[in-house]
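The next block holds one structure in the form of structure tokens; read it before the comments.
Per chain, numbering begins at 1; letters A, B, ... match sequence-line order.
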Protein chains: 2
Amino acid sequence: MDYSLLSESPLFRGLTAIEIEKILLQLPHRIRKYKAGTLIYQSGDTINSLVIVLGGIVKGEMVDYAGRIIKIEDIKAPGALAAAFIFGSINRFPVNVIAISDTDLLVAEKSDFLKLLKNNDKILVNFLDLISNRSQFLSEKIKFLNFKTIKGKLAQYILKLADDQKNEIKLDRTQNDLSDYFGVARPSIARVLKEMEQEGYIKVSGRNILIIDKNALLNLTQD
Amino acid sequence: MDYSLLSESPLFRGLTAIEIEKILLQLPHRIRKYKAGTLIYQSGDTINSLVIVLGGIVKGEMVDYAGRIIKIEDIKAPGALAAAFIFGSINRFPVNVIAISDTDLLVAEKSDFLKLLKNNDKILVNFLDLISNRSQFLSEKIKFLNFKTIKGKLAQYILKLADDQKNEIKLDRTQNDLSDYFGVARPSIARVLKEMEQEGYIKVSGRNILIIDKNALLNLTQD
DNA sequence: TTCATTTTGTAACATATGTTACAATCTATC
DNA sequence: GATAGATTGTAACATATGTTACAAAATGAA
């Protein structure tokens, strides 16, 4: 099994390949292989292990009550799966996990993983960082969902892409993806872009956007 | 200083008062006292300490770009403050923290706290549980914000209060508070309640709600 | 009780967004 | 370069929600 990727994973950051090998010798674990398309975990399944994607890509999908599928995120090697659900009181997968490509997973029991956390300072800090970052990401997401208007969301999104410096950006998602991300209808994205152009804040051509009035955009994020 | 409450805090759960005293002897810390109304931390302030409310109540307020204030949550003794922001990459308070009553805070440096985590298994697991629970709470919140219609949110809210058994509940917030919680306008709450009554799903009288058609409500959560 | 304050109920109207449908472009592949 | 499929642009109309305003009812304090 090829563990070389692991040094790039958040959990093993700052460790050399040799140190990682040593750690994995001490950490009881198993490797699971899945073909592309396999349903690996189902929403609601119990989580009592650390799961790391060694190779391949998986996706997390939320199934709403109506049976519709909302794609949440892709996790590619060497990311961890549902790390924020190993501890805490809800030890269940919040989403369906499906292999996009052929996938190898490293699985280690929670109790063994806990021992590792106690014995290795770097891993401990890395893991604390990992799940804290998750919270911080979710907090951001909530701030974002709280924008009431599509204009507000789009303005925020554009300003983020512009990175406080550029005044010319290219949208990194299709309107369709954006509409999913915002939870709105696709034509509304197009309409709002047009409105923002008519109001003189931006210039749109396809996916390229020229920011004309950055202050106006900032104002829109204040809805 | 009175540490007796700490045995009820998530971080010290499962520890006796004596064990906690011992821990606090080893953990360098200081006590800070604030009068009611004081602004303790400002959104954006750096977090490099563990902060626990020993006595009193504080509130977290988010200030949006327009200067409006959104109350996020109350934290009363013996809760921890912004525990999910001690580690991770964003070590800044996401909210203003204000003392509601006279308040005592226990403050310990991150590096000292980290040593404690390494040396005490129970505290380690408690802390992992604590910040994991935070993520899990936020995930739930996001699920909730994703309901697109007010009817969906209200149906979900009512069903949660009904706890899968009762068919008669009393709303535990005013319409005004509910409208804040949902991020909608207050009259919309009243209107939607009336609509749900006209549709025969519930019977409303003031804050009391009788659930008539639970399946219909379940359907509404499927928007 | 009485009065002031908060909470709830309701209505008219404005507006943002959803829905559906289709045309115009773009993009990749043969 | 031709073709199919994806993406973007646009329009007409439906609907949910916001806004504002005020009255009715409940609540709490003197």
Side-chain angles (χ1 to χ4, degrees), chain A residues 64 66 68 70-71 144-158 161 168-199 201-210 216-217 219-223, chain B residues 64 66 68 70-71 144-158 161 168-199 201-210 216-217 219-223:
Chain A
D64 71 14
R68 276 180 316 192
I70 305 164
K71 180 165 155 191
F144 201 80
L145 281 172
N146 266 338
F147 283 114
K148 284 187 277 305
T149 64
I150 297 179
K151 256 183 205 163
K153 296 181 195 197
L154 253 180
Q156 168 85 353
Y157 196 85
I158 290 170
L161 281 178
E168 197 164 9
I169 61 142
K170 188 180 166 93
L171 292 174
D172 58 352
R173 303 176 188 231
T174 66
Q175 288 184 4
N176 218 349
D177 288 347
L178 270 181
S179 69
D180 280 350
Y181 187 59
F182 291 171
V184 302
R186 202 275 307 168
S188 299
I189 300 276
R191 171 171 43 202
V192 166
L193 277 173
K194 194 171 63 166
E195 285 172 8
M196 289 167 78
E197 179 162 36
Q198 284 167 347
E199 284 155 358
Y201 305 156
I202 57 177
K203 185 97 183 40
V204 182
S205 77
R207 246 192 244 194
N208 295 89
I209 293 179
L210 178 67
L217 292 187
N219 269 325
L220 285 179
T221 64
Q222 304 178 13
D223 62 320
Chain B
D64 71 15
R68 276 179 318 192
I70 304 165
K71 181 167 154 192
F144 200 79
L145 281 171
N146 266 338
F147 283 114
K148 283 187 277 303
T149 64
I150 298 179
K151 256 182 206 162
K153 295 181 196 198
L154 254 179
Q156 168 86 354
Y157 195 83
I158 291 170
L161 282 179
E168 197 166 7
I169 62 141
K170 188 181 166 92
L171 291 174
D172 58 351
R173 302 177 188 231
T174 65
Q175 288 184 5
N176 217 348
D177 288 347
L178 271 181
S179 68
D180 280 350
Y181 187 60
F182 291 170
V184 302
R186 201 276 307 168
S188 300
I189 301 276
R191 172 170 41 203
V192 165
L193 277 173
K194 194 171 64 166
E195 285 173 8
M196 287 166 79
E197 180 161 35
Q198 284 167 348
E199 284 156 358
Y201 304 157
I202 57 178
K203 185 97 184 42
V204 182
S205 77
R207 245 192 246 193
N208 295 312
I209 293 178
L210 177 67
L217 292 186
N219 270 325
L220 285 179
T221 65
Q222 305 178 11
D223 62 317

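Ranking dG9(D), dT17(D), dT7(C) by closeness to the Thr174(B) side chain, first place goes to dT7(C). In this structure, the nucleotide among dT19(D), dT17(C), dT10(C) sitting nearest to the side chain of Arg186(B) is dT10(C). Considering only the side chain of Val204(B), dG9(C) comes nearest among dA11(C), dG9(C), dT17(D). Side-chain atoms of Pro187(A) lie closest to dA21(C) of the nucleotides dA21(C), dG9(D), dA21(D). The side chain of Arg191(B) has dT17(D) as its nearest neighbour among dT17(C), dT10(C), dT17(D). The side chain of Gln175(B) approaches dT8(C) more closely than any other nucleotide in the set dT8(D), dG18(D), dT8(C). When distances are taken from the side chain of Val184(B) to each of dG18(D), dT19(C), dA16(C), the shortest belongs to dG18(D).
Rounded to a whole Å, the CD1 atom of Ile189(A) is 13 Å from the P atom of dT19(C). One can place CZ of Arg207(A) at 10 Å from C1' of dA6(D), the figure rounded to the nearest angstrom. As rounded to whole Å, 16 Å separates atom P of dT7(D) from atom CG of Asn208(A). For Glu197(A) and dT8(D), the CD to P distance is 15 Å, given to the nearest whole Å. Regarding Ile150(B), its CD1 atom lies at a distance of 4 Å from the P atom of dT17(D), rounded to whole Å. The distance from atom CD of Glu199(B) to atom C1' of dA16(D) is 13 Å, rounded to the nearest whole Å. Between the CG atom of Asp177(A) and the P atom of dA6(D) there is a distance of 13 Å, given to the nearest Å. The interatomic distance linking Glu195(A) (CD) with dG18(C) (P) rounds to 12 Å, in whole Å.
Phosphate proximity of dG18(C) to Ser188(A): present, with a side-chain N or O under 4.0 Å from OP1 or OP2. For the OP1/OP2 pair of dT17(C) and a distance below 4.0 Å, the side-chain nitrogens and oxygens of Lys151(A) include no atom meeting the criterion. A close approach under 4.0 Å does occur between a side-chain nitrogen or oxygen of Lys194(B) and OP1 or OP2 of dA11(C).
Atom CG of residue Leu193(A) and atom CZ of residue Arg191(A) lie 11.5 Å apart, to the nearest 0.5 angstrom.
Side chain of Glu197(B) to backbone of Val204(B): a donor-acceptor contact under 3.5 angstrom is found.
Here the closest non-hydrogen pair linking Lys151(B) and Val192(B) is CG-CG1, 3.5 Å.
You'll find the side chain of Leu210(B) stays beyond 4.5 Å of the side chain of Asn208(B), heavy atoms only. Within the 4.5 Å cutoff, the side chain of Arg186(B) has no heavy atoms near those of the Asp180(B) side chain.
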